[in-house]
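Data block below; observations after.
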Amino acid sequence: MKNYTMQVTKPMSDWKTQTVEVPERDISFPGKYFLKDRLDLTSCEVSLNALLPGQGTPFCHAHKQNEEIYIFLQGNGEFQVDDEIIPVSSGSVIKVNPSGERAWRNTGGEELQFIVIQAKADSLEGYTLEDGVIVERDPFGTPE
Ligand code: ZN
């Protein structure tokens, strides 16, 4: 069994061409590309996102049990959590608790590109050096 799953996504410049359709709710999300099913993720959902200038979420949403981490890669926008509006740009990273009522919009002149990671709040147990172990394998094969 292979110990990895790989999805070759479109280059970031093409993220804006992706759309997620939710027909049962008559909603579509332009510029969104989910990875959970494509990578068979079991611990979190991840989406790649690109909004054109002027685009934004048409509604606020919250979650039942998942927190979300928004990692902004490019562009300028505004991010709302409850009653607070936060300016975001390349390098901004925001974690929102499940009950946080959130929305975002591109307020700049270029694409607003960001990654969202969604995972169950308070579910992380071991991480980094607690969970990672150094193994015997030489990186990239045996040295000559
Ligand atoms: Zn969400």
Side-chain angles (χ1 to χ4, degrees), residues 1-140:
M1 184 185 119
K2 273 197 324 189
N3 274 322
Y4 71 93
T5 309
M6 180 175 175
Q7 172 74 31
V8 179
T9 67
K10 292 176 178 285
M12 285 175 64
S13 59
D14 284 346
W15 286 6
K16 61 183 174 291
T17 65
Q18 302 296 309
T19 300
V20 172
E21 305 284 351
V22 188
E24 61 270 26
R25 291 194 192 174
D26 196 25
I27 301 173
S28 68
F29 299 97
K32 183 176 273 298
Y33 188 77
F34 282 114
L35 294 178
K36 179 190 157 296
D37 292 338
R38 291 178 171 97
L39 290 175
D40 194 26
L41 302 178
T42 64
S43 61
C44 62
E45 171 66 285
V46 177
S47 65
L48 311 177
N49 300 268
L51 292 179
L52 298 175
Q55 283 185 322
T57 52
F59 50 80
C60 289
H61 81 279
H63 279 265
K64 296 173 186 168
Q65 59 180 10
N66 292 345
E67 64 184 22
E68 287 182 317
I69 302 96
Y70 293 78
I71 304 168
F72 289 88
L73 305 173
Q74 176 190 294
N76 292 283
E78 290 178 330
F79 195 93
Q80 178 179 355
V81 182
D82 301 326
D83 296 325
E84 196 167 339
I85 295 174
I86 306 153
V88 293
S89 59
S90 173
S92 299
V93 180
I94 298 177
K95 174 224 154 182
V96 185
N97 295 332
S99 63
E101 297 176 353
R102 71 210 72 178
W104 52 89
R105 61 184 174 190
N106 184 352
T107 58
E110 61 180 340
E111 287 175 42
L112 182 66
Q113 295 181 332
F114 56 101
I115 294 171
V116 184
I117 300 168
Q118 181 185 140
K120 186 175 180 181
D122 299 316
S123 66
L124 187 60
E125 294 179 355
Y127 53 95
T128 315
L129 295 179
E130 296 169 41
D131 189 65
V133 291
I134 295 174
V135 298
E136 291 297 317
R137 181 185 307 270
D138 286 324
F140 304 103

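Each ligand, and each atom within it, is numbered from 1 in the order the structure gives.
- For the ring pair (Phe, Tyr, Trp, His ring centres under 6.0 Å) condition, no pair includes a residue of residues 19-43, sequence neighbours left out.
- Residues that satisfy the side-chain contact (heavy atoms from CB on, under 4.5 Å) test with Val93, not counting sequence neighbours, are Ile69, Ile71.
- Between the side chains of Asn97 and Ser99, no donor-acceptor pair is found at a separation under 3.5 Å.
- Residues Cys44 and Gln118 are not in side-chain contact: their nearest non-hydrogen atoms beyond the backbone lie 4.5 Å or more apart.
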Please determine whether side chain to side chain contact (heavy atoms under 4.5 Å, CB included) holds for the pair Phe114 and Val88, giving the CA-CA distance in whole Å, both sets of side-chain angles, and the decisive distance to 0.1 Å. CA-CA 10 Å; Phe114 56 101; Val88 293; over 6 Å; no
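- Annotation: side-chain contact (heavy atoms from CB on, under 4.5 Å) contacts of Phe140 (sequence neighbours excluded): none.
- Closer than 2.8 Å to the Zn ion (ligand 1) sit the protein N, O or S atoms His61 NE2, His63 NE2, Glu68 OE1, Glu68 OE2.
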